[in-house]
**Student:** 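Mind having a look at this structure? Questions to follow.
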Amino acid sequence: MSLRVYNTMSGKKEEFQPLVPGKVGMYVCGVTVYDYCHIGHARANIVFDIIFRYLQFAGYETTYVRNYTDVDDKIINRANERGIDSKELAEEFIRAFDEDMAALGLVKPTHEPRATEYIEQIIAISQKLIDKGMAYESAGDVYYRVDKFDGYLKLSKRNLEEMQAGARITPGEQKENPMDFALWKAAKPGEPNWKSPWGAGRPGWHIECSAMSSSLLGDSFDIHGGGRDLIFPHHENEIAQSEGASGKPFVKYWLHNGFVNVNQEKMSKSLGNFFTIRDILKTYDPEVVRFFILTSHYRSPIDFSDQNLIEAQAGLSRFYEALLAADQAVEGVAEADASSEEGAKLEEKFREAMDDDFNTALAIAHLFEGVRTMNRLVATKKFRKKADLVAQVRDLRVTILKLGEVLGIYHSDPASWLEKVKLAGLARLDISREEIEELIAQRKQARAEKDFTRSDEIRDLLAARGIELLDSPAGTTWKLK
RNA sequence: GGCCCCGUCGCCAAGUGGUAAGGCAGAGGUCUGCAAAACCUUUAUCACCAGUUCGAAUCUGGUCGGGGCCUCCA
């Protein structure tokens with residue numbers, strides 16, 4: 001089966017056929033760099049990170065462009081509040097963004113252009129639109145004439161007349177139509193500015209994406225992505241600009257990820273339920289965050305809550321525990337020439353799920369089944385003497401790791417990961433490692449003397465404080481309950 | 001008001017015409033001095049009503065409930 005994607009433009013899943021067979025051009029709207037990224041940014045970027053990885057895994061030579069919008073009203077305002085240069089502010093948050101994305105384990109896009117590096121192209125597109133009568137200059141600003149573009153609002157499926165009725169005009173703007181939007185804004189004193197045919201000014205919001213995408217991917221390309229909230233006005237306006245200027249179809253497939261809610265409420269600054277990526281990573285492992293995001297479909301809304309994150313951690317632990325057990329089970333067993341179909345079967349299911357509009361939730365469900373199969377094999381009596389079973393476990397283990405890589409998970413050493421999560425959890429309990437070790441030693445003594453009453457007392461005592469003891473032939477270890 | 005989305009087992013969550021994936025939690029069992037992990041077994045007819053169809057969670061209409069966009073936002 002081949003890849004199918006849900007296209008916001010048609011409202012349907014469509015067969016994915018890139019403009020050039022075997023190659024994909026993908027542009028995803030990045031961030032406006034004036035503040036730290038929140039969990040919503042994390043989701044959007046992780047979703048498209050997985051799409052990028054999967055396209056490559058599926059054999060497409062993929063060019064992925066994700067921009068930084070580093071000139072904008074919000075940046076200027078924030079810089080003024082802090083009394084620093086807006087360029088300095090942008091640099092600071094570009095660095096912060098890079099750190100956050102690296103912490104979340106994202107791969108680097110092919111290109112990460114900045115709006116300010118494309119001023120020339122922005123001016124060129126604006127000029128072209130003016131020449132074609134689709135834009136006009138007004139007191140040093142340049143506006144797009146929305147009623148000159150037939151397809152306006154075709155992506156968001158709105159009605160221009162109705163929107164005009166409700167539209168507001170910002171004081172100082174001289175627009176022909178309240179729905180017209182700025183391509184270029186005349187600079188006010190103290191604002192960053194560039195020379196243009198219309199005087200000193202700076203780009204409006206939207207135009208930078210048209211400039212960067214056409215420069216790096218051409219006038220027409222395959223995939224354009226972003227959060228749902230960008231459909232209107234941002235993406236609608238990009239279409240108007242790009243198609244208005246080039247006269248060619250802009251984007252073949254529009255992909256939009258769903259929102260993140262926090263404890264069932266929309267995340268917003270006014271509600272005060274805003275979580276930055278760096279805050280979350282103080283409590284949760286980055287892989288847990290990624291795993292949580294991938295256990296829902298990218299278009300569905302997800303609810304960010306402690307309970308959901310804790311469940312994600314439990315799910316991911318199941319993988320790492322199985323991988324660790326498999327490692328230990330096959331360690332030192334000689335390679336035999338037994339063959340295995342298990343890995344290929346799993347990969348087939350994984351591909352089928354991902355081919356259906358990147359259904360990561362279903363793909364992960366298949367991986368869980370792989371884990372169960374692997375655990376069952378390892379638990380077989382005299383497992384190490386059965387070459388075919390050993391081969392199957394090795395095959396499954398390698399396949400799970402390989403497919404996990406497509407999702408950006410399971411890349412840690414299982415023992416280290418489990419230990420790290422355990423110690424992080426211990427820090428939240430009122431008990432020290434030393435105290436636990438001491439009680440384990442006492443219990444060992446009691447068990448040696450067959451004093452099982454005392455032994456169980458210690459077990460219960462620790463259990464009451466959140467610690468579970470695990471007895472094995474190699475000794476007693478512990479974990480968090 | 002306009003446009004759009006959602007309502008699946010206690011919780012999370014797949015599934016867009018052929019008799020409901022997966023995870024967590026629960027129950028029983030195997031294993032264990034006890035326990036844990038693991039494994040096995042087990043738990044839903046899909047908000048409601050009416051239609052279309054040989055057949056619907058999946059299509060149509062309606063009802064109820066929840067949410068989003070329409071202003072900056074991933």
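In what follows, every heavy atom counts, from backbone to side chain, and hydrogens, waters and symmetry copies are set aside. On a predicted model such as this, the values are computed, not experimentally measured, just so you know. Throughout, protein chains are lettered first and strands after them, A, B, ... in sequence-line order, and every chain is numbered starting at 1.
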**Student:** Considering only B/A74, B/A38, B/G15, which nucleotide approaches the side chain of A/V260 most closely?
**Tutor:** B/A74
**Student:** How long is the line joining NZ of A/K382 and C1' of B/C31, in whole Å?
**Tutor:** 17 Å
**Student:** Can you tell me if the side-chain N/O atoms of A/K157 get under 4.0 Å from OP1 or OP2 in B/C70?
**Tutor:** no
**Student:** Check this one for me: any side-chain N or O of A/S156 less than 4.0 Å away from OP1 or OP2 of B/G2?
**Tutor:** no
**Student:** Provide the distance between the two C1' atoms, one in B/U8 and one in B/A56, to the nearest whole Å.
**Tutor:** 14 Å
**Student:** How about A/Y64 and A/F48: are their ring centres within less than 6.0 Å of each other?
**Tutor:** no
**Student:** What's the closest nucleotide to the side chain of A/F259 if the choices are B/C72, B/G68, B/C40?
**Tutor:** B/G68
**Student:** Would you say B/G68 has OP1 or OP2 under 4.0 Å from some side-chain N or O of A/K266?
**Tutor:** no
**Student:** Students often get this wrong, so: under 4.0 angstrom with heavy atoms, is A/G227 touching a base, only sugar-phosphate, or nothing?
**Tutor:** sugar-phosphate
**Student:** Between A/Y34 and A/F93, is the ring centroid distance below 6.0 Å?
**Tutor:** no
**Student:** Establish, yes or no, whether the cationic atom of A/K422 lies under 6.0 Å from the six-membered ring centre of A/W417 and within 45° of the ring axis.
**Tutor:** no
**Student:** In whole angstrom, what separates A/D303's CG from B/A13's P?
**Tutor:** 7 Å
**Student:** Within 45 degrees of the axis of the six-membered ring of A/Y6 and under 6.0 Å from its centre: does A/K12 put its NZ or CZ there?
**Tutor:** no
**Student:** Check nucleotides 34-36 of chain B against the protein and report each pair of N or O atoms closer than 3.5 Å, with its distance, or say if there are none.
**Tutor:**
unit_1 : atom_1 : unit_2 : atom_2 : d
B/C34  : O2     : A/D456 : OD1    : 3.4
B/C34  : O2     : A/R459 : NE     : 2.8
B/C34  : N3     : A/R459 : NH2    : 2.9
B/C34  : N3     : A/D471 : OD2    : 3.4
B/C34  : N4     : A/D471 : OD2    : 2.3
B/A35  : N6     : A/D471 : O      : 3.4
B/A35  : N1     : A/D471 : N      : 2.9
B/A35  : N1     : A/D471 : O      : 3.3
B/A35  : N3     : A/R459 : NH2    : 3.2
B/A35  : N3     : A/L469 : O      : 3.3

**Student:** Using a 3.5 Å distance criterion without hydrogens, assess whether the side chain of A/D180 forms a donor-acceptor pair with backbone atoms of A/K175.
**Tutor:** no
**Student:** Rounded to whole angstrom units, what separation is found between the CD1 atom of A/I76 and the C1' atom of B/C72?
**Tutor:** 14 Å
**Student:** Classify A/D229 by what it touches in the nucleic acid, base, sugar-phosphate, or nothing, heavy-atom distance under 4.0 Å.
**Tutor:** base
**Student:** Using whole Å, what does the distance between atom P of nucleotide B/G10 and atom CD of A/Q307 come to?
**Tutor:** 14 Å
**Student:** Is there a side-chain contact between A/R376 and the phosphate of B/C40, meaning an N or O under 4.0 Å from OP1 or OP2?
**Tutor:** yes
**Student:** Are OP1 or OP2 of B/G15 and a side-chain N or O of A/N359 less than 4.0 angstrom apart?
**Tutor:** yes
**Student:** Provide the distance between the two P atoms, one in B/A21 and one in B/U41, to the nearest whole Å.
**Tutor:** 14 Å
**Student:** Pull out every protein N or O sitting under 3.5 Å from an N or O of nucleotides 21-24 of chain B, one pair per line with the distance.
**Tutor:**
unit_1 : atom_1 : unit_2 : atom_2 : d
B/A21  : O2'    : A/E369 : OE2    : 3.2
B/G23  : OP1    : A/R372 : NH1    : 3.4
B/G23  : N2     : A/E311 : OE1    : 3.1

**Student:** Where do N or O atoms of nucleotides 27-30 of chain B meet protein N or O atoms at under 3.5 Å, pair by pair?
**Tutor:**
none

**Student:** Taking only residues two or more places apart in sequence or in another chain, which ones pass side chain to side chain contact (heavy atoms under 4.5 Å, CB included) with A/H111?
**Tutor:** A/T63, A/V65, A/P113, A/L216
**Student:** Pick the closest RNA chain B nucleotide for A/H41 and for A/E321 by heavy atoms, then say which residue is nearer the 5' end.
**Tutor:** A/E321
**Student:** Which whole number of Å gives the distance between the C1' atom of B/A13 and that of B/C6?
**Tutor:** 14 Å
**Student:** For A/L294 and B/C12, give me the distance from atom CG to atom C1', rounded to whole Å.
**Tutor:** 15 Å
**Student:** When you compare B/C5 with B/A37, how far apart are their C1' atoms, in angstrom units rounded to a whole number?
**Tutor:** 42 Å
**Student:** Would you measure the distance from the C1' atom in B/G7 across to the matching atom in B/C48 and give it in whole Å?
**Tutor:** 11 Å
**Student:** What I want to find out is whether A/R202 reaches A/D73 closely enough, with some N-O distance under 4.0 Å, to be called a salt bridge.
**Tutor:** yes
**Student:** For A/N359, is there any backbone N or O sitting under 3.5 Å from a side-chain donor or acceptor partner on A/D356?
**Tutor:** no
**Student:** Is A/R66 reaching over with its side chain to a backbone N or O of A/G30, donor-acceptor style, under 3.5 angstrom?
**Tutor:** no
**Student:** Pick base, sugar-phosphate or nothing for A/V28, based on heavy-atom distances below 4.0 Å to the nucleic acid.
**Tutor:** nothing
**Student:** Could you give the distance separating B/G26 and B/C12 at their C1' atoms, to the nearest angstrom?
**Tutor:** 16 Å
**Student:** Do the side chains of A/R372 and A/E369 get close enough for a salt bridge, i.e. N-O under 4.0 angstrom?
**Tutor:** no
**Student:** Expressed as a whole number of angstroms, how long is the span from A/I231:CD1 to B/C5:P?
**Tutor:** 11 Å
**Student:** Indicate yes or no: at least one non-hydrogen side-chain atom of A/L396 is less than 4.5 angstrom from one of A/T373.
**Tutor:** yes
**Student:** Less than 6.0 Å separating the ring centroids of A/F350 and A/H366?
**Tutor:** no
**Student:** Over how many whole Å does the gap from A/I302 atom CD1 to B/G67 atom P extend?
**Tutor:** 18 Å
**Student:** Write down the distance separating the C1' atoms in B/A20 and B/C4, rounded off to the nearest Å.
**Tutor:** 27 Å
**Student:** Answer yes or no: does atom NZ of A/K154 have more than 12 heavy-atom neighbours from other residues, nucleotides or ligands under 6.0 Å?
**Tutor:** yes
**Student:** Before accepting this row, confirm whether a basic side-chain N of the pair A/K479/A/E468 lies closer than 4.0 Å to the acidic partner's carboxylate O.
**Tutor:** no
**Student:** Here's a test for you: under side-chain hydrogen bond (donor to acceptor under 3.5 Å, both in side chains), which of A/H235, A/H224, A/R299 qualifies with A/H256?
**Tutor:** A/H235
**Student:** Give each protein N/O atom lying under 3.5 Å from an N/O atom of nucleotides 41-45 of chain B, with the pair distance.
**Tutor:**
none

**Student:** Any side-chain N or O of A/N159 below 4.0 angstrom from OP1/OP2 of B/G2?
**Tutor:** no
**Student:** Measuring only the C1' atom in each nucleotide, how far is B/A57 from B/U16? A whole number of Å is fine.
**Tutor:** 9 Å
**Student:** Just jot down the side chain to side chain contact (heavy atoms under 4.5 Å, CB included) partners of A/A326, sequence neighbours excluded, or say none.
**Tutor:** A/M374, A/V393, A/R397
**Student:** For A/G11, answer base if it contacts any base atom (sugar-phosphate contacts may also be present), sugar-phosphate if it contacts only those atoms, and nothing otherwise; contact means non-hydrogen atoms under 4.0 Å.
**Tutor:** nothing
